[in-house]
There are 4 protein chains.
Amino acid sequence: MSKSEETKKKILKSAIELVADKGYASTSTREIAKNAGVSEATIFKYYKNKDQLLKKIVSKTINDFFKYSLNKSLPEVFEANKNKSIDYLLQELLTERFQFFKENSKAIQVIFQETMVNKEVREFFKNKVWTKMDELETSIIIKGKKQGLIRNIDNYFIKKALFGMIFYTVFFEEVLELDNKNKYNSEEQARAILDIIFKGIKNDK
Amino acid sequence: MSKSEETKKKILKSAIELVADKGYASTSTREIAKNAGVSEATIFKYYKNKDQLLKKIVSKTINDFFKYSLNKSLPEVFEANKNKSIDYLLQELLTERFQFFKENSKAIQVIFQETMVNKEVREFFKNKVWTKMDELETSIIIKGKKQGLIRNIDNYFIKKALFGMIFYTVFFEEVLELDNKNKYNSEEQARAILDIIFKGIKNDK
Amino acid sequence: MSKSEETKKKILKSAIELVADKGYASTSTREIAKNAGVSEATIFKYYKNKDQLLKKIVSKTINDFFKYSLNKSLPEVFEANKNKSIDYLLQELLTERFQFFKENSKAIQVIFQETMVNKEVREFFKNKVWTKMDELETSIIIKGKKQGLIRNIDNYFIKKALFGMIFYTVFFEEVLELDNKNKYNSEEQARAILDIIFKGIKNDK
Amino acid sequence: MSKSEETKKKILKSAIELVADKGYASTSTREIAKNAGVSEATIFKYYKNKDQLLKKIVSKTINDFFKYSLNKSLPEVFEANKNKSIDYLLQELLTERFQFFKENSKAIQVIFQETMVNKEVREFFKNKVWTKMDELETSIIIKGKKQGLIRNIDNYFIKKALFGMIFYTVFFEEVLELDNKNKYNSEEQARAILDIIFKGIKNDK
DNA sequence: CATGAATGAGCTTTCATTCAT
DNA sequence: AATGAATGAAAGCTCATTCAT
């Protein structure tokens, strides 16, 4: 890695750390610079302005997330898992996500924060992330219904159950460090959650 | 209401609106004053400093929440609902909460935001709110288990299912205005959620 | 005069002094503030930004100039001086201008400077000031030609002779303080200049 | 020309262009470098600091001017033009100057600007340029008076008439691009101006 | 009771400049 | 011969806060 790239990375890392902790607006470029071990001027050599630095955090994280998890088209996913059951598919999906969130917990925090207070980030999140996640989830649910595995509840609530547990985990455990952080690993978390939800939504007949 | 009190309220309301939209750190006292129709100096007549204004938003909302929902001691609650079933109890509880969140959505947003970036608020939230909510939930679950209604899953996951759905609703629907906002009223939401979760956690025998 | 207005004036005065001496771009708001005996923040209470402060200097000076000298419509001027000779008219005009330039020499310097380096000021000067001055001059010359007093030379050169001397005086004497500053008063200057030019352009027949 | 010299020239040219347009203080070394197609560091290889770059622009232009026009000592000039009339001499002189100004309009603009805002340049201009020009003009006028060609007016006004027209032309036509730029060539300009002034100052007897 | 006027401290950003390569 | 990388210093500007009225 070139010296340039290293410096750029140092800055980004420093920014993520501080912003995750104190919020974007309350983190000064001075602090970011100091924390990164570079001068303030250097930050602006690499990032046009403070906003671009934030955007980089957001977009990079989301890109990584896509690369990691969401980037395959739905037909591909289904094709690849043709003879796997729906719950296996969901299990894989959830585990993957938990894993990613754990590994990128600081950057995820930043995205959470800014989604709440920054219009641009909010729109980006809605249009780029949410839409795609929603689509994937929905299509799995529909599949499950077609196979007669899921009973007739508004998809809306099923998604709520799934997403809710994911986001609860992220927000309360990773962000606020409230709960039983690390009591279970990603795979166990996914399994336990699905155990409840599947029972809750499955067709009894 | 005295003129003083009115002014004070105007300021608080103005602050909640703006802070919910743009975040505490990005909202200037100048804007708050303008939006409230008072001078900047007036704000500082009523609130020692900007931080106190934030604290007031947080503490007032949480107090309201307690008054509204969490303020009875657990034995009282159980005594009062002695001959009601557990799911009725939870249904009531959830409905109440959804209702409160809907009515105080802006202030709740502020609490969410600041819980993420402000150490003091975070501690306050952990110690005052979370603990109490957790306690209540836990004791209900324990009760349910004793009555043989709930199967043997780590309480942790059951709470996750419950809180997750609440959280999801607040964050995604009220804060981000993403989803089917207002498709269902608070009571319907509560019922549908519990329908899934209860099936998911109930003892089958 | 209210305290506000006094402060505002102090700032403007301080700015004119410093900018005339060192140029707009090289004069910091810090210096202007210090020189005015106020804090930097106060400057920005009264002027949205540094540019607005410059604009105020320019527009105020030009407005004063118009009030002082150019604001009457041409027919008015001619009507009021119906039975005065052309050279008397020009003599009045020039004297007036010299006088104004002497009294506002610092602000005029600022306008000169910025006309050279600032697109906006340049356009403003072209459209608002130059056009009007040119119009007046031209119409006087035309009048003189009609009366058979001025020989047949391209107006362009006559204006050049007139403007040139004015300009020279301002630039070299007031701005650069080069020459015989104050050797002659405004009226004497005007008379001597016209003495030369009139001889130079008059019809000999 | 060596590569070094070429680079140095590129930088100077780039600086003149930009500074003429926006002023010295508002032109950054970054822009100059970019416009010249070199790195910022390279500028400082060739010019100790930004100020030296400005000084080079000023001194080079003035040197060129001297080489072009003012460098012969007065006796030389007169000796060389012994049997030419005064007005022929002035005509030559003016034409020469207009020509030079047209050809070096950008650099001349820089000198104008900086003469107004930069003490050092101002002194340089006063002592090196102005004095010499003034001397030449004065001696020609004196000669004219001795020959009985020029009537008894304070030299000061005669010079004002001459210089005024020159500077008007430079400032308003070259710098501000206001007027009939290029309607007349240098020689025609000189002739027309002298036509007026000579009539204006000549001895009538 | 409310505010107009003022400000010190701090922010983001740009600048001219240095230096190792 | 030229530059990529870095920076201290200073710029314009905003902020929360004070205080006399």
Side-chain angles (χ1 to χ4, degrees), chain A residues 2-8 11 25-33 36-53, chain B residues 2-8 11 25-33 36-53, chain C residues 2-8 11 25-33 36-53, chain D residues 2-8 11 25-33 36-53:
Chain A
S2 76
K3 206 177 171 212
S4 257
E5 272 165 6
E6 251 175 71
T7 306
K8 206 172 171 183
I11 294 169
S26 304
T27 307
S28 73
T29 49
R30 270 213 242 297
E31 292 169 288
I32 295 172
V38 301
S39 78
E40 247 185 301
T42 300
I43 291 184
F44 292 95
K45 273 265 182 284
Y46 289 100
Y47 301 92
K48 206 171 155 335
N49 52 38
K50 202 190 166 193
D51 261 42
Q52 289 304 315
L53 183 50
Chain B
S2 75
K3 203 165 174 231
S4 268
E5 273 165 4
E6 252 176 68
T7 307
K8 207 173 171 182
I11 293 169
S26 303
T27 306
S28 69
T29 50
R30 198 195 330 176
E31 291 168 292
I32 295 172
V38 299
S39 78
E40 249 185 298
T42 302
I43 291 182
F44 292 93
K45 273 265 177 283
Y46 289 102
Y47 301 93
K48 200 170 160 314
N49 52 38
K50 201 189 167 194
D51 261 41
Q52 288 306 314
L53 184 50
Chain C
S2 75
K3 208 177 169 211
S4 256
E5 272 165 5
E6 252 174 71
T7 308
K8 206 173 172 181
I11 294 169
S26 304
T27 306
S28 72
T29 50
R30 276 225 233 285
E31 291 170 289
I32 295 172
V38 300
S39 78
E40 242 186 307
T42 300
I43 291 183
F44 292 97
K45 273 263 183 287
Y46 289 101
Y47 300 92
K48 206 170 156 333
N49 52 39
K50 202 190 166 194
D51 261 42
Q52 289 304 314
L53 183 50
Chain D
S2 76
K3 199 162 177 235
S4 269
E5 271 165 5
E6 251 176 69
T7 307
K8 205 172 173 185
I11 293 169
S26 303
T27 306
S28 68
T29 49
R30 200 199 325 178
E31 292 169 291
I32 295 172
V38 300
S39 78
E40 250 185 296
T42 302
I43 292 183
F44 293 93
K45 273 266 176 284
Y46 288 101
Y47 301 92
K48 199 170 161 312
N49 51 36
K50 201 190 166 195
D51 262 41
Q52 289 305 315
L53 183 50

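Basis for what follows: all heavy atoms, side chains included, without hydrogens, waters or symmetry-related copies. Sequence lines set the chain letters: A, B, ... in the order given, protein chains first and strands last, and positions in each chain run from 1.
- Of all the heavy atoms in D/A36 and D/I11, the pair that sits closest is CB-CA, 4.1 Å.
- Rounded to an integer number of Å, the gap from CD1 of D/I11 to C1' of F/dA1 is 11 Å.
- Both D/G37 and A/V38 lie near DNA chain F, and the one whose nearest nucleotide falls closer to the 5' end is D/G37.
- Taking atom OH on D/Y46 and atom C1' on F/dA2, their separation rounds to 8 Å, with Å as the unit.
- The side-chain hydrogen bond (donor to acceptor under 3.5 Å, both in side chains) test applied to A/Y47 returns no partner, not counting sequence neighbours.
- Put simply, C/S4 has a side-chain N or O that comes within less than 4.0 Å of OP1 or OP2 on E/dA5.
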Intra- and interstrand pairs of DNA chain F - dot-bracket, Watson-Crick/G-U under 3.5 Å, | marks other strand: .||||||||||||||||||||
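- Contacts of C/F44 classified as side chain to side chain contact (heavy atoms under 4.5 Å, CB included), with partners at least two apart in sequence or in another chain: C/T29.
- The distance from atom CD1 of C/I43 to atom P of E/dA5 is 17 Å, rounded to the nearest whole Å.
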Protein and nucleotides 11-15 of chain F: nitrogen or oxygen contacts under 3.5 angstrom:
| from | atom 1 | to | atom 2 | distance (Å) |
| --- | --- | --- | --- | --- |
| F/dA11 | N7 | C/R30 | NH2 | 3.4 |
| F/dG12 | OP1 | C/K50 | NZ | 2.8 |
| F/dG12 | OP2 | C/T29 | N | 2.8 |
| F/dG12 | OP2 | C/T29 | OG1 | 2.9 |
| F/dC13 | OP2 | C/K50 | N | 2.6 |

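- Between E/dA2 and B/T42, no contact under 4.0 Å exists linking OP1 or OP2 to a side-chain N or O.
- Residues passing the side chain to side chain contact (heavy atoms under 4.5 Å, CB included) test with A/E5, sequence neighbours excluded: A/M1, A/S2.
- Here D/E40 pairs with nothing under the salt bridge (Lys or Arg N to Asp or Glu O under 4.0 Å) rule; sequence neighbours left out.
- Here the P atom of nucleotide E/dG4 and the CD atom of C/E5 are 15 Å apart, to the nearest Å.
- Rounded to the nearest 0.5 Å, atoms CD1 (A/I43) and CZ (A/R30) are 10.5 Å apart.
- Proximity of B/T7 to the phosphate of E/dA2: a side-chain N or O atom is located under 4.0 Å from OP1 or OP2.
- To the nearest 0.5 Å, atoms NZ (A/K8) and OG1 (A/T42) are separated by 13.5 Å.
- For the pair A/K8 NZ and F/dG4 C1', the computed distance is 15 Å after rounding to whole Å.
- Of the N and O atoms on the side chains of B/S4 and B/T7, not one donor lies less than 3.5 Å from an acceptor on the other residue.
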